[in-house]
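Please read these numbers as outputs of a predicted model, since none were measured by experiment.
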Amino acid sequence: MKKLLLLFLLSGMVATAQQNLTIEQATYGQYQAYAPKSLTAPQWRKDSKTITYLDNTYSKLMSRSEDSKWEEKTFLTKQDLTSALKSKYPSEFFNFQIFPYQYKWEDKNTIAFEAAGSNGNYLVLFDVEKKEVKHTIAIAADASQQIMAPNGTAAAWLKENNIIITTENGQNTNVTNDTDKGIVNGSDYVHRQEFGINKGMWWSPDSKMLLYYRKDETMVADYPLVDFGQRIATEKDIKYPMAGMKSEEVTLVVYNVASNAKTTLKTEGPKEQFLTCVTWSPDNKYIYIGVLNREQNHLKLNKYEATTGNFVKTLFEEQSSTYVEPLHELTFVPNSNTEFLYRTEKDGYEQLYLYNTDGKLLKNLGYNDVVVTELLDFDAKGKSVSYVGTANNGLDRHLYQVNLKSGKTTQITTGSGTHSVMVSSDGALALDSFSNTTTPNEVSIINTVNKKTTSLFKANNPYTGVTELPKMELITITAADGKTPLNGRLIYPGNFDANKQYPVMVYVYGGPHAQLVNNDWLGGASLFDYYMAQQGYVVFTLDNRGSDVRGRDFEHVIHRNLGQNEMADQMKGIEFLKSKSFVNQDKIGVYGWSFGGFMATSLMLNHSDTFKVGVAGGPVCDWKYYEVMYGERYMDMPQENPEGYEKSCIVNKANQLKGRLLMIHGAQDNVVVQQHSMEFINACIAAGKQVDYFLYPTHEHNVRGKDRIHLNHKIADYFETHLK
């Protein structure tokens with residue numbers, strides 16, 4: 001909702017024709033005023049050939065269907081919802097500012113959404129044909145992480161660290177009653193949301209049981225964050241398990257709604273192991289859990305009885321000399337209790353595998369070196385499944401369909417670029433939003449059987465008549481290993497003159513789970529990159545080894561050695577830049593945030609003769625101060641890998657600083673705690689090195705909202721003052 005509020009606050013920023021972007025436009029323009037035309041909040045209506053989405057005023061739900069030859073029609077309005085809710089709750093006041101942005105189709109005639117009333121919040125199932133409320137659950141206004149039961153008659157939600165179930169008739173049941181805040185029930189903030197964890201409660205398919213995480217972090221050290229917003233600053237403690245130190249202990253509990261009985265699954269083993277891939281069997285009898293050791297190199301996919309919690313069997317195991325990273329729950333094949341899809345990179349690329357519940361591998365569904373980025377839906381008979389995957393060395397995204405029995409894969413989309421796809425519930429139709437470096441957005445309907453395409457619209461260039469974006473091109477550079485192709489992006493300065501020399505801003509991230517260079521509109525760059533180019537900079541970005549969607553071996557070169565191969569690849573990018581006559585080799589700067597802040601500072605210190613200016617936001621300065629789940633995956637424990645921790649630590653290299661460095665941190669950062677930058681600043685003082693430092697008192701790991709304009713202004717000013 002905060003994002004939506006920001007959307008409306010900024011939607012009034014309409015630019016007049018001008019030569020260059022303002023810093024305000026560069027900060028939010030690509031998401032608002034200059035976002036290419038698209039469909040807002042699109043969803044397929046289940047069991048139909050109809051797509052729905054919000055209109056430009058956000059007050060109506062529109063539709064296009066095959067029957068209407070894809071012509072646009074009004075389907076529902078926010079007034080329809082208000083009237084139906086008012087009929088059910090005459091004493092309540094409902095005022096929808098917009099049609100619920102996060103509506104969801106539950107079946108052909110039912111949408112689910114949340115509604116705020118004057119006396120509380122409501123989870124609603126709404127009959128779109130009758131335009132009336134089918135089920136509602138009233139929950140407290142301060143409820144969090146609410147999840148409705150599949151049958152719509154109850155909802156589970158969190159009140160601080162405890163779970164409450166509310167029924168349709170308003171009856172509340174306290175599932176947990178822990179008074180110690182160190183015992184956290186039902187939260188998605190388990191294992192610090194690593195391992196693909198995005199929820200902490202799961203209803204059984206028949207709505208009779210609720211499975212939930214129980215996290216005991218009483219033994220984890222408290223870490224203080226200081227709130228400067230009070231008359232006298234106050235301390236807020238968080239639990240922060242640092243690498244090599246005591247971590248949280250997690251179990252999974254099944255709550256029986258009828259009997260109020262609780263059963264803890266017998267996930268026996270070390271108390272600090274990680275539990276993920278949580279999946280109910282379709283028949284409600286079993287629960288499947290990925291059990292990963294703290295060393296993160298041995299995964300067991302285990303089966304447990306839901307009613308007794310007893311361990312049944314280990315279906316299969318994955319082991320690695322580096323790490324195993326489970327990220328996805330199981331996906332059962334339609335109308336089957338015994339066959340499921342599992343995603344893993346165990347053979348080199350994250351791909352699909354068909355297993356049965358005895359643990360037998362039925363079919364490897366992988367296709368070439370394609371990395372699966374999004375699993376979509378099955379066809380009507382459950383014989384094939386669609387997914388979005390990579391192509392073109394990770395630059396492109398395409399729609400693929402694979403037959404579960406034969407393993408034959410068909411690429412459905414063709415144009416080189418990024419296809420953002422949603423597939424109908426029967427897999428027969430796909431909504432395709434396509435862009436590449438020359439195409440803002442083309443929205444089409446694709447028949448996945450005969451590949452016939454129906455165009456809905458083609459977006460115009462939103463910058464026409466507003467500003468002229470500098471030239472951008474995608475490039476390929478060979479990595480430091482002498483063989484691996486790396487994707488890069490080069491944005492030329494505005495009003496480029498090949499006979500001049502320009503300063504350079506390298507924008508870097510470089511870590512796992514991030515890709516900065518894409519074959520899509522703007523090439524994956526932020527509009528701030530183009531703003532800096534308009535100010536006269538060459539803006540360069542390279543996805544080094546260690547970054548995302550290029551396969552296991554491409555990423556795992558970072559293991560136990562963070563920053564080293566990444567820097568080597570980035571310096572190959574610098575070699576490329578220095579080969580260009582228009583690059584001023586004496587004026588190269590670097591900017592990055594989080595892992596990118598670590599990289600920016602590392603480059604400033606290890607290659608101090610090359611980089612004259614740096615900006616590092618929220619940087620990891622010493623990996624022993626980072627948390628267990630992410631940090632130990634890539635570095636092992638400090639006591640197991642002292643050489644790796646020493647080599648990656650930038651605190652003990654502060655005396656190598658030569659250029660101008662601005663370090664930025666959020667005072668409330670609970671991801672990369674401020675101790676990182678404090679340690680580095682202290683080291684600079686001890687070494688007699690001057691360094692610039694700026695703190696955002698109210699922000700966490702990133703600077704969001706209106707203050708991001710201030711942040712971007714500060715970064716631009718720093719480069720302007722010290723590099724240009």
Does the Lys NZ or Arg CZ of [X] fall within the cation-pi geometry relative to [Y] - under 6.0 Å from the ring centre and within 45° of the axis?
X	Y	result
Lys587	Tyr502	no
Lys346	Tyr353	yes
Arg633	Phe195	yes

Spatial distance of atom [atom1] ([X]) from atom [atom2] ([Y]) [nearest 0.5 Å]:
X	Y	atom1	atom2	result
Tyr349	Tyr367	OH	OH	14.0 Å
Asn606	Lys647	CG	NZ	10.5 Å
Ile197	Leu327	CD1	CG	10.0 Å

In sequence, state the C-alpha distance, the side-chain angles, and the governing distance for Phe528 and Tyr530, and then conclude on ring-ring contact (aromatic ring centres under 6.0 Å, His included). CA-CA 5 Å; Phe528 178 70; Tyr530 285 88; over 10 Å; no

Test item: side-chain donor near acceptor, Thr27 and Asn712, under 3.5 Å: yes

Using a distance-only test with no angle check, is there a side-chain donor-acceptor pair under 3.5 angstrom linking Arg397 and Asn519?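 Not at all, the side chains of Arg397 and Asn519 share no donor-acceptor pair under 3.5 Å.
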
Carboxylate-amine/guanidinium contact Arg343 Glu350, below 4.0 Å: yes

Short N-O contact, Arg550 and Asp369, less than 4.0 angstrom: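 Here Arg550 does not pair with Asp369 in a salt bridge, since their nearest N and O are not under 4.0 Å apart.
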
Short question: side chain of Asp432, backbone of His419 - any donor-acceptor pair under 3.5 Å? no

